[in-house]
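Contents: one structure, followed by commentary.
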Amino acid sequence: MASYNTFSVISNGKTAITPGRPSDERREQLAILQERLGYVFQEPELLHKALIHSSFAYEQAASSRDHNETLEFLGDAVLDLVIGDELFRRFPDLKEGDLTRCRAALVNEGHLATVARAIGLGGFLCLGKGEEASAGREKASILAGAFEAVCGAVYLDGGFVAAQALVQRQFDASLASVGDSELLLDAKSRLQELIQEREAATPEYLLEQAEGPDHQKIFTVSVRLGGRVLAFGRGRSKKEAEQQAAAVALAELA
């Protein structure tokens, strides 16, 4: 996978950009990103919106509809489905628990940020002054959210097949490595081994939230070390959420 200079397009927020319809200059920038994505938008406004962080929209006194959080929500669902489908088809002999762990290792904040960095996504983001000053273009949470939003934008623009093709292109190498035994190891056990090796300590898991009806609850769990939050995870059970949190923490500590 090619790697690009994060700041090759927008440097320190000096390019004039506004929410809504992109300018001709912005369209030229977006054309570069579309080439990297391997997908040309019928509506470039969707891609523009996918790259607008809430901090930028608020500073511009824009509507909440003008930043990427709803597209991020949609893209998260698209990624879960596409990666789940890919794992199911490529590794028909894996058990449900192994498939869940593999998906958690691929669709988490740390790994999504890595994918975003590989295409230089940070250089196309619209950030508020505070995020710009605090190196927001390199923050895993912002990059991961933006990549999810891009997936959501592609889904809206070209349908599921287009979004599926995008995810397959960006995750092909990662999916090919799923057969490696390391990905199939229990994420919690791997995290505990890593932390004990470095700090002779044991991570703790704390239930942060349980939302939704009893038959469709979503659990949010944090993994902590000495009171410091390492990562969060979400899942349909506490166990799945803990595994997700451990997988994210592993990606961050790697």
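The structure presented is a predicted model; accordingly, all values stated were derived computationally and were not measured.
The closest donor-acceptor contact from the side chain of Q34 to the backbone of F41 lies under 3.5 Å. A donor-acceptor contact shorter than 3.5 Å links the side chain of K217 to the backbone of G212. Remark: side-chain polar atoms of H53 are not paired, donor with acceptor, to backbone N or O of L127 under 3.5 angstrom. No side-chain donor-acceptor contact under 3.5 Å links D157 to the backbone of A153. Under a 3.5 Å cut-off, the side chain of R36 and the backbone N or O of I119 do form a donor-acceptor pair. Looking at R137, its side chain does come within 3.5 Å of a backbone N or O of L125 through a donor-acceptor pair. Counting only distance, with no hydrogens or angles, the side chain of R190 and the backbone of A247 share no donor-acceptor pair below 3.5 Å. Checking side-chain atoms of E59 against main-chain N and O of K129 turns up a donor-acceptor pair under 3.5 Å. Of the possible polar contacts, one joining the N108 side chain to the A105 backbone as a donor-acceptor pair under 3.5 Å is found. Formation of a donor-acceptor pair under 3.5 Å by the Q244 side chain with backbone atoms of V107 is found in this model.
Between H111 and F171, the two ring planes are tilted [angle within 30° to 60°].
Considering every non-hydrogen atom in both P44 and L30, the closest pair reads O-CD1, 3.8 Å. Contact record, A187 with L250: O-CD1, 3.6 Å, taken as the closest heavy-atom pair.
Put simply, the side chain of C102 does not reach to within 4.5 Å of the side chain of R90, judged on heavy atoms. Using a 4.5 Å heavy-atom threshold, the side chains of S134 and K139 count as touching. Counting only heavy atoms from C-beta outward, the side chains of R27 and H48 never approach each other to under 4.5 Å. A heavy-atom distance below 4.5 Å is not found between the side chains of K239 and T100.
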Practice prompt. Go through D66 and I52 one step at a time and tell me if the side chain to side chain contact (heavy atoms under 4.5 Å, CB included) criterion holds.
Written response: CA-CA 7 Å; D66 289 327; I52 296 177; 5.6 Å; no

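We find that E204 and R228 are not joined by a salt bridge, their nearest charged nitrogen and carboxylate oxygen being 4.0 Å or further apart.
A donor-acceptor pair shorter than 3.5 Å can be found between the side chains of S222 and E208.
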